[in-house]
Amino acid sequence: MRIVHTIPELRQALAGATKTAFVPTMGNLHEGHLSLVKLAKERGGPVVASIFVNRLQFAPHEDFDTYPRTFERDCDLLRSVGCNVVFAPNEEELYPEPQVFKVIPPPALADILEGEFRPGFFTGVCTVVLKLFNCVQPRIAVFGKKDYQQLMVVRRMAQQLALPTDIVAGDTARAEDGLALSSRNMYLSEAERAEAVQLSMTLRHVQLALRNGTAANLPALEREAMDGLRSRGWQPDYVAIRCRADLQPPTPVQREAGEPLVVLAAARLGKTRLIDNLEI
Ligand SMILES: Nc1ncnc2c1ncn2[C@@H]1O[C@H](COP(=O)(O)OP(=O)(O)OP(=O)(O)O)[C@@H](O)[C@H]1O
Ligand SMILES: CC(C)(CO)[C@@H](O)C(=O)[O-]
Ligand code: BAL
């Protein structure tokens with residue numbers, strides 16, 4: 001496995017490669033990231049993973065400075081699953097001057113849900129993802145469904161800008177109790193970690209209510225789910241039942257027609273903000 005820190009080194013490491021598969025990350029890797037690398041490996045070409053904590057997608061009050069950075073361990077894990085190249089640029093390399101050209105995704109997709117609570121987040125994500133794509137020039141790129149809206153936004157960007165990169169979705173890897181693996185889980189205290197499973201349980205409850213047809217009124221079901229979390233000491237940002245295709249609330253006609261849905265949630269437990277979702 002080669003570890004490179006600059007764009008010229010990366011280009012040299014990938015010279016002649018035509019089937020590169022790419023897994024962008026912010027590091028502090030866990031089994032979820034590794035499952036994406038394994039999926040990327042299945043395509044047969046060289047696999048590149050990037051590790052870069054992207055300042056552009058963090059709001060000033062967010063955890064950019066404290067975001068866990070565990071580079072040596074990350075490299076060991078990537079090596080263990082057969083990653084071929086680790087691209088770990090520093091800020092100077094990726095943003096040698098203020099990044100004034102930005103990719104602004106459409107508000108209908110990017111200013112809702114995560115974008116409502118993290119304004120500018122998806123502009124930061126799209127800008128760095130496009131820039132990383134231009135560095136790596138991958139044939140495919142793998143994103144996790146855990147960040148469902150991010151996957152949708154990146155997929156739309158790739159489609160609308162005719163990028164030569166197919167966006168592949170990886171399933172959410174979970175702990176045994178159901179908690180979605182996430183770098184930010186390490187912020188949880190022991191008591192919070194035990195409670196954290198309630199987020200996925202809430203989603204499962206909503207999924208069940210929808211499957212059994214016991215929920216006529218979606219906003220009431222969403223409110224009930226948020227109240228349930230609140231009563232346990234969480235501060236939910238949203239629990240939202242949306243169409244998978246565009247993340248908009250389903251119309252009655254769409255519900256009648258069995259439009260594929262997804263339930264998404266974000267909630268704070270103590271100082272830690274967790275997100276999760278389930279396709280229905
Ligand atoms: N549990 C998981 N299963 C599958 N993919 C995941 C999982 N968690 C994260 N990913 C994916 O890994 C990629 C890199 O994500 P990132 O480095 O932000 O990790 P993270 O664990 O989501 O961190 P954070 O706590 O900041 O959300 C993204 O495509 C993300 O969707
Ligand atoms: C895609 C990404 C690596 C861009 O910084 C980040 O948003 C993430 O880790 O999901
Ligand atoms: N996992 C998405 C990146 C972020 O939360 O900043």
Side-chain angles (χ1 to χ4, degrees), residues 21-40 48-59 61-71 74 77-78 81 83 86-89 91 94-95 99 103 105 110 113-115 117-133 135-136 138 140-155 157-158 165 167-188 196 199-200 237 264 266-269 271-278:
F22 179 39
V23 182
T25 84
M26 300 206 302
N28 192 235
L29 304 185
H30 49 65
E31 277 301 323
H33 299 111
L34 301 185
S35 69
L36 304 187
V37 173
K38 289 176 195 162
L39 197 57
V48 180
S50 64
I51 298 178
F52 181 68
V53 185
N54 175 38
R55 188 188 291 275
L56 276 192
Q57 71 193 65
F58 287 79
H61 66 277
E62 290 182 342
D63 56 346
F64 175 79
D65 289 324
T66 53
Y67 197 84
R69 289 156 171 92
T70 52
F71 184 65
D74 291 347
L77 288 171
L78 288 170
V81 288
C83 177
V86 178
F87 178 45
E91 284 201 291
L94 216 55
Y95 299 134
Q99 183 69 33
V103 181
L113 304 168
E114 282 302 282
F117 292 91
R118 303 182 68 182
F121 172 67
F122 287 113
T123 295
V125 168
C126 286
T127 302
V128 81
V129 167
L130 184 61
K131 195 157 183 174
L132 289 168
F133 279 10
C135 298
V136 177
I140 70 150
V142 188
F143 289 80
K145 283 191 186 180
K146 203 263 292 172
D147 299 272
Y148 203 86
Q149 189 178 7
Q150 170 172 280
L151 167 67
M152 304 286 306
V153 169
V154 168
R155 193 167 256 163
M157 173 176 79
T165 304
I167 307 303
V168 174
D171 287 333
T172 301
R174 296 179 179 279
E176 245 169 52
D177 65 355
L179 173 68
L181 300 184
S182 163
S183 306
R184 291 189 172 100
N185 291 351
M186 66 170 289
Y187 297 150
L188 299 167
L199 190 61
S200 62
D237 283 343
L264 310 104
R268 215 172 284 277
L269 185 57
K271 287 198 172 74
T272 310
R273 186 172 181 279
L274 299 177
I275 63 171
D276 198 356
N277 65 81
L278 264 190

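Just follow the structure's listing: the first ligand is 1, and inside any ligand the first atom is 1. In what follows, residues are counted from 1 in the order of the sequence shown.
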**Item:** Sub-4.0 Å atoms of ligand 2 with respect to non-hydrogen atoms of Pro24
**Value:** 3 (C)
**Message:** Tell me the protein heavy atom at minimum distance from atom 11 (C) of ligand 1, and give that distance in Å.
**Reply:** Leu36 CD1, 3.6 Å
**Message:** Counting C-beta onward and ignoring hydrogens, is there a side-chain heavy-atom pair between Tyr187 and Lys271 closer than 4.5 Å?
**Reply:** no
**Prompt:** For ligand 2, is any non-hydrogen atom under 4.0 Å from Thr25's backbone (N, CA, C, O), its side chain (CB onward), both, or neither?
**Reply:** backbone
**Asked** Which atoms of ligand 3 sit under 4.0 Å from any heavy atom of Met26?
**Response** 3 (C), 4 (C), 6 (O)
**Prompt:** Relative to ligand 1, is His33 under 4.0 angstrom through side chain, backbone, both or neither, heavy atoms considered?
**Reply:** side chain
**Message:** Which of the numbered atoms in ligand 1 are under 4.0 angstrom from any heavy atom belonging to Tyr67?
**Reply:** 18 (O), 23 (O), 24 (P), 26 (O)
**Prompt:** Is any side-chain heavy atom of Arg69 closer than 4.5 Å to a side-chain heavy atom of Asn28?
**Reply:** no
**Prompt:** Does the cation-pi check pass for Arg273 over Phe121, that is, NZ or CZ under 6.0 Å from the six-membered ring centre and within 45° of its axis?
**Reply:** no
**Message:** Give me the residue, atom name and distance of the protein heavy atom closest to atom 29 (O) of ligand 1.
**Reply:** Gly144 N, 2.9 Å
**Message:** Check this for me - ligand 1, Ser35, N or O atoms closer than 3.5 angstrom, yes or no?
**Reply:** no
**Asked** With respect to Asp276, which candidate in Lys145, Lys146, Arg174 satisfies the salt bridge (charged side-chain N to carboxylate O under 4.0 Å, His left out) definition?
**Response** Arg174
**Asked** What residue and atom, counting heavy atoms only, is the protein's closest point to atom 24 (P) of ligand 1, and at what distance?
**Response** Arg184 NH1, 3.4 Å
**Message:** Out of all atoms in ligand 3, which are within 4.0 Å of some heavy atom of Arg184? Include the element for each.
**Reply:** 4 (C), 5 (O), 6 (O)
**Asked** Do Arg118 and Glu62 sit within salt-bridge range, that is, some charged N less than 4.0 Å from a carboxylate O?
**Response** yes
**Request:** Compare Leu151, Leu179, Asp147, Val154 and give the one whose heavy atom is closest to atom 31 (O) of ligand 1.
**Result:** Asp147
**Message:** Could you tell me, atom by atom, which parts of ligand 1 come under 4.0 Å of a heavy atom of Thr172?
**Reply:** 1 (N), 3 (N), 4 (C)
**Message:** Using a 3.5 Å cut-off on N or O atoms only, is Ser182 in polar contact with ligand 1?
**Reply:** yes
**Asked** Is the closest heavy atom of His30 to ligand 1 under 4.0 Å?
**Response** yes
**Request:** Please identify which atoms of ligand 2 are closer than 4.0 Å to at least one heavy atom of Gln57.
**Result:** 4 (C), 5 (O), 6 (C), 7 (O)
**Request:** Please could you name the atoms of ligand 2 that Val128 approaches to less than 4.0 Å, counting only its heavy atoms?
**Result:** 4 (C), 5 (O)
**Prompt:** So, do Met157 and Pro105 sit near enough that their side-chain heavy atoms are less than 4.5 Å apart?
**Reply:** no
**Asked** Quick one: which of Asp237, Ile275, Leu264, Asn277 gives a side chain to side chain contact (heavy atoms under 4.5 Å, CB included) with Leu113?
**Response** Leu264
**Prompt:** Between Cys135 and Phe87, which heavy-atom pair has the shortest distance, and what is it?
**Reply:** CB-CE2, 4.1 Å
**Prompt:** Between Phe143 and ligand 1, is there a nitrogen or oxygen pair with a distance under 3.5 Å?
**Reply:** no
**Asked** With side chains defined as the heavy atoms from C-beta onward, is the minimum distance between Ser50 and Met26 less than 4.5 Å?
**Response** no
**Message:** Side chains of Asn54 and Tyr95 only: does a donor on one sit below 3.5 Å from an acceptor on the other?
**Reply:** yes
**Complete:** Closest non-hydrogen atoms of Leu29 and Asp74, given as atom of the first, atom of the second and distance, are N-OD1, 2.9 Å
**Request:** Test Leu39 against every option in Leu34, Val23, Ile140, Val168 by the side chain to side chain contact (heavy atoms under 4.5 Å, CB included) rule and name the one that passes.
**Result:** Val168
**Message:** Check Arg184 with Asp63, please: is the shortest side-chain N to carboxylate O separation under 4.0 Å?
**Reply:** yes
**Asked** Counting from 1, what ligand 1 atoms have a heavy atom of Pro24 closer than 4.0 Å?
**Response** 13 (C), 14 (C)
**Prompt:** Does an N or O from Leu181, backbone or side chain, lie closer than 3.5 Å to an N or O of ligand 1?
**Reply:** yes
**Fill in**
Candidates Gln57, Lys146, Gln150; heavy atom nearest atom 28 (C) of ligand 1 found on Gln150
**Message:** Can you tell me if Arg118 contacts ligand 3 (heavy atom of the residue under 4.0 Å from the ligand)?
**Reply:** yes
**Request:** For atom 9 (O) of ligand 2, find the nearest protein heavy atom and state the residue, atom name and distance (0.1 Å precision).
**Result:** Met26 CG, 3.3 Å
**Request:** From the options Asp147, Asn54, Asp63, Val125, select the one whose nearest heavy atom is closest to atom 2 (C) of ligand 3.
**Result:** Asp147
**Prompt:** Would you say Thr165's side chain and Ala141's backbone share a donor-acceptor pair under 3.5 angstrom?
**Reply:** no
**Message:** Can you tell me which residue among Thr127, Val125, Thr123, Val129 is in a side chain to side chain contact (heavy atoms under 4.5 Å, CB included) with Val103?
**Reply:** Thr127
**Request:** State the atoms of ligand 3, each with its element, that fall below the 4.0 Å cut-off from a heavy-atom position in Gln57.
**Result:** 3 (C), 4 (C), 6 (O)
**Request:** Measure from atom 21 (O) of ligand 1 to every heavy atom in Ala169, Ala173, Ser183 and give the option owning the shortest one.
**Result:** Ser183
**Fill in**
The protein heavy atom nearest to atom 10 (O) of ligand 2 is Gln150 NE2, 2.8 Å
**Request:** Could you tell me which non-hydrogen atom of Leu36 sits nearest to which non-hydrogen atom of Gly170, and how far apart they are?
**Result:** CD2-CA, 3.8 Å
**Message:** For Asp171, state whether at least one heavy atom is located under 4.0 Å from any atom of ligand 1.
**Reply:** yes
